Amino acid sequence: MPRTEPIRAVRGVRDILPRDRSLWRAAERAAAEVATRFGYQEIVTPIIERVELIERVGEDTDAIAKELYRFEDRGGRQLALRPEATAGIVRAYFEGGLNQGPQPARLYLFGPMFRYDRPQKGRYRQFYQFDIEAIGSASPALDAEVIEIARGWLNESGIPELKLELNSIGDGVCRPAYLDRLRDYYRPLEEKLHPDCQRRLETNPLRLLDCKVPQCQPFKAGAPRITDHLCEPCSQAWTQVRRLVESAGIEYVHNPYLVRGLDYYTRTVFEFYPAGASGQQDALASGGRYDGLAETEGWPSTPGVGFAGGFDRVVEVMAASGVEVVAAPAAEVAVLADAGLDHEAANIARICRAVRSVAVDYEAKSLAAKMRSAAKLGARWVVLLSADEAARRTARLRDMASGEQVEVAWDELPERLSR
RNA sequence: GUGGCUAUAGCUCAGCAUGGCAGAGCACCAGAUUGUGGAUCUGGGUGUCGCGGGUUCAAGUCCCGCUAGCCACCCCA
């Protein structure tokens with residue numbers, strides 16, 4: 001028999017198997033419950049979008065240049081697998097007329113996102129996010145609200161110890177003037193910066209602040225802080241957000257180096273880390289305000305705020321912190337019939353399914369082997385059937401915990417199983 | 001996109017330095033058990049040694065290329 005290489009999964013993707021699924025489900029349930037409690041409704045948007053939608057909002061960034069999962073469809077359209085949810089949700093907000101309903105539109109979404117980079121631990125080409133967006137309001141109260149939702153989700157997922165970092169990056173009014181100050185500060189130091197940062201100095205000076213290269217670190221402390229140079233509206237919003245977060249009982253640290261690289265981000269930015277996290281790579285959820293995004297997409301200027309949280313990493317942290325979800329057995333009842341009684345076994349299973357989950361073992365194996373399988377399945381009961389009993393329309397019901405076994409008429413099985 | 005490490009049974013891995021019969025544990029199957037379980041004992045190997053090429057009398061082992069995985073960098077919209 002000729003053999004070929006078995007077909008394996010595509011590079012950088014993975015399966016979530018039944019044994020892991022219960023933990024994922026717990027994280028998803030926590031997300032949906034918290035979102036619902038805050039009046040957010042679920043939205044589902046396509047995982048494919050026009051490449052312009054993604055490129056428009058992330059032009060020039062490495063992320064788009066190198067990591068966008070893009071392709072051409074059969075009609076020659078340039079498409080991308082979405083790398084994040086916000087751009088698509090904002091598009092749907094206008095296309096679906098949510099801009100004409102009560103504002104803000106409070107929305108949440110679960111789903112896979114894609115990035116085309118080299119896989120490593122915790123970074124897959126297909127990964128899963130929980131996304132929250134409040135679109136159509138500039139109120140700082142919503143910044144605090146989405147922060148509270150993020151914390152609520154992580155807490156209810158079983159991650160109580162969190163670190164919240166918070167910052168404001170101003171807006172189109174005050175940021176340009178601040179960026180000039182930042183450039184003025186860094187220009188004399190240019191030669192001491194590493195090459196990427198020398199380039200950033202002119203192209204994207206905010207990025208200088210969250211550079212992680214050791215040689216650039218000494219200069220950060222003396223750099224001007226944007227929170228000291230906010231315009232009046234931004235400054236008031238910054239004060240409000242902090243006050244609201246505090247009154248929600250949420251501890252945070254102001255990290256003046258927390259930034260976003262793209263112009264449409266405004267004011268609030270935040271990230272949640274697990275308590276012990278040191279590096280920048282461990283953010284469980286990150287978000288902020290994006291008052292310039294709708295306009296970037298070509299829609300009417302509309303404010304919005306939200307966050308995205310990664311299930312892959314959250315589930316990892318849950319497992320590491322000992323969160324355990326009792327997995328339900330695949331079937332509560334296993335039906336084991338002698339050879340040739342498949343019909344009768346299926347009938348009995350159908351009867352029992354009125355009250356319990358039931359799986360039939362149709363394999364041609366010894367009874368001992370079938371009992372072994374039933375035990376491993378976690379079945380609480382086993383229904384045994386021989387030809388004699390089938391003729392009488394009875395079966396033996398065995399309680400796997402006690403080992404008690406009684407002969408029962410088929411019709412009485414549901415009653416006995418529901419005790 | 002860059003660098004390092006790795007690839008042998010369904011899974012985890014040993015064997016490779018110094019080329020010479022394809023191995024272990026777990027899992028799985030069967031039996032002990034005149035049909036009844038997760039424990040125990042006994043038996044069973046289920047394999048293109050990732051793929052392709054090269055060196056050699058001989059390659060799982062040495063060399064080259066490719067693919068994939070892991071780790072880190074870049075980046076994380």
Side-chain angles (χ1 to χ4, degrees), chain A residues 1-14 17 49 53-69 80-88 90 113-125 127 129 131 194-197 199-200 204 207 210-213 259-265 269 271 279-283 286-288 290 293 296 306 308 310 312-313 329 334 336-339 361 363-389 396-405:
Chain A
M1 186 164 50
R3 283 185 52 181
T4 55
E5 264 299 284
I7 298 166
R8 298 181 184 278
V10 167
R11 175 161 210 206
V13 303
R14 59 168 177 170
L17 301 172
E49 293 281 359
L53 179 77
I54 314 297
E55 282 184 339
R56 192 84 69 80
V57 301
E59 222 166 346
D60 275 354
T61 65
D62 236 34
I64 294 302
K66 297 195 320 200
E67 294 172 17
L68 186 63
Y69 212 127
L81 299 179
R82 63 184 180 192
E84 51 92 40
T86 310
V90 167
M113 309 294 159
F114 303 83
R115 61 146 59 88
Y116 193 91
D117 68 352
R118 251 170 101 156
Q120 58 174 287
K121 188 157 194 67
R123 308 181 73 180
Y124 302 95
R125 287 186 174 182
F127 54 101
Q129 287 192 336
D131 203 80
H194 87 288
D196 272 349
C197 278
R199 186 171 45 80
R200 286 169 180 158
N204 199 348
R207 278 282 171 202
D210 72 341
C211 175
K212 283 147 258 166
V213 175
V259 301
R260 290 284 186 274
L262 301 169
D263 287 343
Y264 59 80
Y265 282 111
V269 293
E271 294 189 343
Q280 289 289 303
Q281 295 219 0
D282 314 321
S286 63
Y290 47 86
L293 177 58
T296 305
D312 300 80
R313 199 160 287 162
L336 316 184
D338 284 353
D361 192 337
E363 304 312 304
K365 296 190 297 193
S366 70
L367 183 58
K370 286 186 184 183
M371 286 295 289
R372 254 196 305 277
S373 294
K376 281 187 180 170
L377 208 58
R380 278 177 63 190
W381 296 275
V382 162
V383 177
L384 298 153
L385 185 70
S386 66
D388 282 357
E389 291 157 341
R396 279 154 297 152
L397 176 64
R398 182 181 182 84
D399 182 318
M400 292 294 271
S402 66
E404 279 176 47
Q405 190 169 303

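Chain identifiers are assigned alphabetically (A, B, ...) following the order of the sequence lines, protein sequences preceding nucleic acid strands; residue numbering begins at 1 within each chain. Small disclaimer: the values here were computed from a predicted structure and weren't measured.
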Next item on the list: Kindly determine whether M113(A) and R82(A) satisfy side-chain contact (heavy atoms from CB on, under 4.5 Å), including the steps that lead there.
Entry: CA-CA 6 Å; M113(A) 309 294 159; R82(A) 63 184 180 192; 3.4 Å; yes
Next item on the list: Take T86(A) and D131(A) through the test side-chain contact (heavy atoms from CB on, under 4.5 Å) and record every step on the way to the result.
Entry: CA-CA 8 Å; T86(A) 310; D131(A) 203 80; 4.2 Å; yes
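Distance check on atom C1': rG31(B) versus rU36(B) gives 15 Å, rounded to whole Å. Comparing rC62(B) with rC75(B), their C1' atoms sit 39 Å apart, to the nearest whole Å. Annotation: rC73(B) and rU48(B) have their P atoms spaced 38 Å apart (nearest Å). Using P as the reference atom, rC16(B) and rG38(B) are 38 Å apart when rounded to the nearest Å. One C1' atom belongs to rU8(B), the other to rC51(B), and the distance between them is 14 Å to the nearest Å. On the P atoms, rA9(B) is 29 Å away from rG1(B), given to the nearest whole Å. Between rG45(B) and rU56(B), the two P atoms lie 37 Å apart (nearest whole Å). On the C1' atoms, rA58(B) is 7 Å away from rG20(B), given to the nearest whole Å.
Between G403(A) and R11(A), the residue whose closest nucleotide on RNA chain B is further toward the 5' end is G403(A). Nearer the 5' end of RNA chain B, as judged by each residue's closest nucleotide, is the contact made by S402(A), out of S402(A) and R115(A).
Across all strands shown, nothing is found opposite rU34(B) as a Watson-Crick or G-U wobble partner with both distances under 3.5 Å. The partner of rC11(B) is rG25(B), by the rule that a Watson-Crick or G-U pair needs both atom distances under 3.5 Å. The nucleotide rC66(B) finds its pairing partner in rG50(B), both defining distances of the Watson-Crick or G-U wobble pair being shorter than 3.5 Å. Shown here, rU18(B) forms no base pair; nothing in the strands shown gives a Watson-Crick or G-U wobble contact with both key distances under 3.5 Å. Remark: rG3(B) base-pairs with rC71(B); criterion is Watson-Crick or G-U wobble with both hydrogen-bond distances under 3.5 Å. Within the shown strands, nothing qualifies as a pairing partner of rA39(B) under the Watson-Crick or G-U definition with both distances less than 3.5 Å. Under the Watson-Crick and G-U wobble criteria, each requiring two contacts below 3.5 Å, nucleotide rG60(B) is left unpaired.
Side chain R398(A) to base rG37(B): a donor-acceptor pair is found below 3.5 Å.
In this structure, OH of Y124(A) is placed 11 Å from P of rG69(B), rounded to the nearest angstrom. Between the NZ atom of K370(A) and the P atom of rC28(B) there is a distance of 17 Å, rounded to whole Å. Between L17(A) atom CG and rC11(B) atom C1' the separation is 13 Å, expressed in whole Å. Nucleotide rA72(B) holds its P atom 13 Å from the CG atom of D117(A), rounded to whole Å. The CE-C1' distance, from M371(A) to rG37(B), rounds to 5 Å in whole Å. Nucleotide rA77(B) holds its C1' atom 15 Å from the CG atom of L81(A), rounded to whole Å. Straight-line distance from the CZ atom of R396(A) to the P atom of rG37(B): 13 Å, rounded to whole Å. The nearest whole Å value for the distance from the CD atom in E84(A) to the P atom in rC76(B) is 13 Å.
Nearest to the side-chain atoms of R118(A) among the listed nucleotides rG69(B), rA77(B), rG3(B) stands rG3(B). Across rA77(B), rG4(B), rC75(B), the shortest atom-to-atom separation from the side chain of I54(A) is found for rA77(B). With rC76(B), rC70(B), rG37(B) as the candidates, the nucleotide lying closest to the side chain of P119(A) is rC70(B). Taking every side-chain heavy atom of Q120(A) into account, rC74(B) is the closest of rC74(B), rC76(B), rA30(B).
Under the 3.5 Å distance criterion, the side-chain polar atoms of R260(A) are matched with a main-chain donor or acceptor of G287(A).
Considering only side-chain N and O atoms, S366(A) lies under 4.0 angstrom from the phosphate OP1 or OP2 of rG31(B).
Under the salt bridge (Lys or Arg N to Asp or Glu O under 4.0 Å) criterion, E84(A) pairs with no residue, sequence neighbours left out. For R14(A), the salt bridge (Lys or Arg N to Asp or Glu O under 4.0 Å) partners at least two apart in sequence or on another chain are D312(A). With sequence neighbours excluded, the residues forming a salt bridge (Lys or Arg N to Asp or Glu O under 4.0 Å) with D117(A) are R115(A), R123(A), listed by chain and number. Every side-chain hydrogen bond (donor to acceptor under 3.5 Å, both in side chains) that R207(A) has, sequence neighbours left out, goes to D210(A). Qualifying side-chain contact (heavy atoms from CB on, under 4.5 Å) partners for K365(A), counting only residues two or more places apart in sequence or in other chains: D361(A), E363(A), A369(A), K370(A), S373(A).
Nucleic acid contact for A87(A): none, since no nucleic acid atom lies under 4.0 Å from a heavy atom of the residue. Using a 4.0 Å heavy-atom distance criterion, R14(A) is classed as making no nucleic acid contact. Here L384(A) lies in heavy-atom contact (under 4.0 Å) with a base. Within the 4.0 angstrom heavy-atom criterion, only backbone atoms of the sugar-phosphate kind lie near G12(A); the bases stay farther away. The residue Y265(A) sits close only to the backbone: its heavy atoms come under 4.0 Å of sugar-phosphate atoms, none of a base.
Judged by a 6.0 Å distance limit and a 45° cone about the ring axis, R125(A) is positioned over the six-membered ring of Y116(A).
The CG atom of L397(A) sits 9.0 Å away from the CG atom of L384(A) when rounded to the nearest 0.5 Å.
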N/O-N/O pairs, protein side and nucleotides 38-42 of chain B side, under 3.5 Å:
from: rG38(B); atom 1: OP1; to: R372(A); atom 2: NH1; distance (Å): 3.3
from: rG38(B); atom 1: N1; to: A375(A); atom 2: O; distance (Å): 3.0
from: rG38(B); atom 1: N2; to: A375(A); atom 2: O; distance (Å): 2.4

